Amino acid sequence: MTRRARKIYWTLVERYPDARCELDFENPLQLLVATVMSAQTTDVRVNLVTPAVFARYRTAGDYAGADRTELETMIQSTGFYRAKTDSLIKLGAALVARFGGEVPPRLNDLVTLPGVGRKTANVVLGNAFGVPGITVDTHFGRLARRFAWTQEKDPVKVEHAVGALIPKKDWTMLSHVLIFHGRRTCHSRRPACGACPVASWCPSYGDGETDPVKATQLLKYELTPVQP
DNA sequence: ATCCCGAGGG
DNA sequence: CCCTCTGGAT
């Protein structure tokens with residue numbers, strides 16, 4: 001179990017050498033804001049609006065005192081913009097009120113912030129503070145189940161199960177490569193098994209949910225097919 | 001139509 | 001467990 005998991009992990013690391021956090025940021029606050037905005041949209045789209053947002057709002061207090069309409073307009077193209085604006089304003093206020101305007105480098109503190117769930121918290125910990133964290137998004141959860149690392153759906157249980165298989169120092173990179181793999185190859189509906197570098201170790205290969213032949217035809221990236 | 005590196009609320 | 005929030009790309 002552990003051996004297979006690590007083999008899959010290292011193979012994916014080689015397959016996605018560019019796997020990393022793709023949100024532009026210079027400090028924890030910027031990453032936190034960008035990550036809150038990234039829900040149900042793409043990093044490319046978030047990076048399109050953050051320059052203007054970061055120029056206008058530089059401190060937690062700036063977000064707390066933001067003009068709602070102005071901020072909504074700036075982040076409108078990222079979707080869910082009313083909920084996100086609401087979160088960012090409350091988030092700024094909470095940072096000022098409870099953490100001296102700084103982003104707390106602890107999971108238990110981060111998840112108490114408005115608009116910050118466990119996934120967002122671990123992104124900030126891993127990429128702004130260098131604290132190893134597993135970010136269980138929809139891709140990560142799906143792949144953890146396909147690889148039979150766990151059948152749990154509760155993100156916390158998934159974290160614990162996978163964390164026991166992969167060394168802690170690799171948790172952040174593991175999150176990135178699984179998410180890359182989920183987006184670029186092992187899609188939810190039509191996984192491109194014909195181009196999957198870990199198909200030979202995948203317990204779900206050919207189980208009916210996957211569609212190797214047709215999925216291969218949908219491949220948009222130049223990946224070398226691997227026969228199991 | 002379906003999906004996107006979610007979170008909060010019922 | 002369910003639902004809602006939203007624009008943009010494919």
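In what follows, every chain begins at residue 1, and chains take the letters A, B, ... in the order their sequences are listed. If you're wondering where the values come from, they're calculated on a predicted model, not measured in any experiment.
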J.: With a 4.0 Å cut-off on N to O distance, would you call A:Lys84 and A:Glu72 a salt bridge?
T.: no

J.: For the pair A:Lys7 and A:Glu14, find out whether any cationic side-chain nitrogen is under 4.0 Å from an anionic carboxylate oxygen.
T.: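 Looking at A:Lys7 and A:Glu14, the cut-off is not met.
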
J.: Between A:His176 and A:Asn127, is there a side-chain donor-acceptor contact under 3.5 Å, judged purely by atom types and distance?
T.: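 Indeed, the side chains of A:Asn127 and A:His176 share at least one donor-acceptor pair under 3.5 Å.
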
J.: Before accepting this row, confirm whether a basic side-chain N of the pair A:Glu159/A:Arg118 lies closer than 4.0 Å to the acidic partner's carboxylate O.
T.: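 Here A:Glu159 pairs with A:Arg118 in a salt bridge, since their nearest N and O are under 4.0 Å apart.
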
J.: Work out how far the P atom of C:dT10 is from that of B:dC5, and round it to whole angstrom.
T.: 12 Å

J.: Between A:Thr185 and A:Tyr16, do the side chains contain a donor N or O and an acceptor N or O under 3.5 Å apart?
T.: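 Per modelled atom types, A:Tyr16 and A:Thr185 side chains form a pair under 3.5 Å.
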
J.: When you check the gap from the basic side-chain N to the acidic O, do A:Asp86 and A:Arg68 get nearer than 4.0 Å?
T.: yes

J.: Strictly below 4.0 Å, heavy-atom distances to any atom of DNA chain C: list the hits from residues 108-141 of chain A, or just say none.
T.: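 Correct list: empty, so none.
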
J.: With heavy atoms of chain A within less than 4.0 Å as the criterion, where does contact along DNA chain B begin and end?
T.: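 The contacted stretch runs from B:dC3 to B:dG8.
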
J.: When you match A:Asp43 and A:Ser87 each to their closest nucleotide on DNA chain B, which lands nearer the 5' end?
T.: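 Closer to the 5' end of DNA chain B: A:Asp43.
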
J.: Between A:Tyr57 and A:Gln30, do the side chains contain an N or O donor and an N or O acceptor separated by less than 3.5 Å?
T.: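 No, no side-chain donor-acceptor contact under 3.5 Å.
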
J.: Is a donor from one side chain sitting under 3.5 angstrom from an acceptor on the other, for A:Arg98 and A:Thr112?
T.: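 A:Thr112 and A:Arg98 do have a side-chain donor-acceptor pair below 3.5 Å.
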
J.: Is the closest basic N to carboxylate O distance between A:Asp18 and A:Arg184 below 4.0 Å?
T.: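 Answer for the salt bridge query: yes.
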
J.: At under 4.0 Å between heavy atoms, how does the protein contact nucleotides 1-6 of chain C? Give one character per nucleotide, 5' to 3', with B, S or -.
T.: ----BB

J.: Roughly how many Å apart are C:dC1 and B:dC4, using the C1' atom of each and rounding to a whole number?
T.: 23 Å

J.: In this structure, which one of A:Thr35, A:Val123, A:Thr120 forms a side chain to side chain contact (heavy atoms under 4.5 Å, CB included) with A:Thr135?
T.: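 Among A:Thr35, A:Val123, A:Thr120, the one that satisfies the side chain to side chain contact (heavy atoms under 4.5 Å, CB included) with A:Thr135 is A:Val123.
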
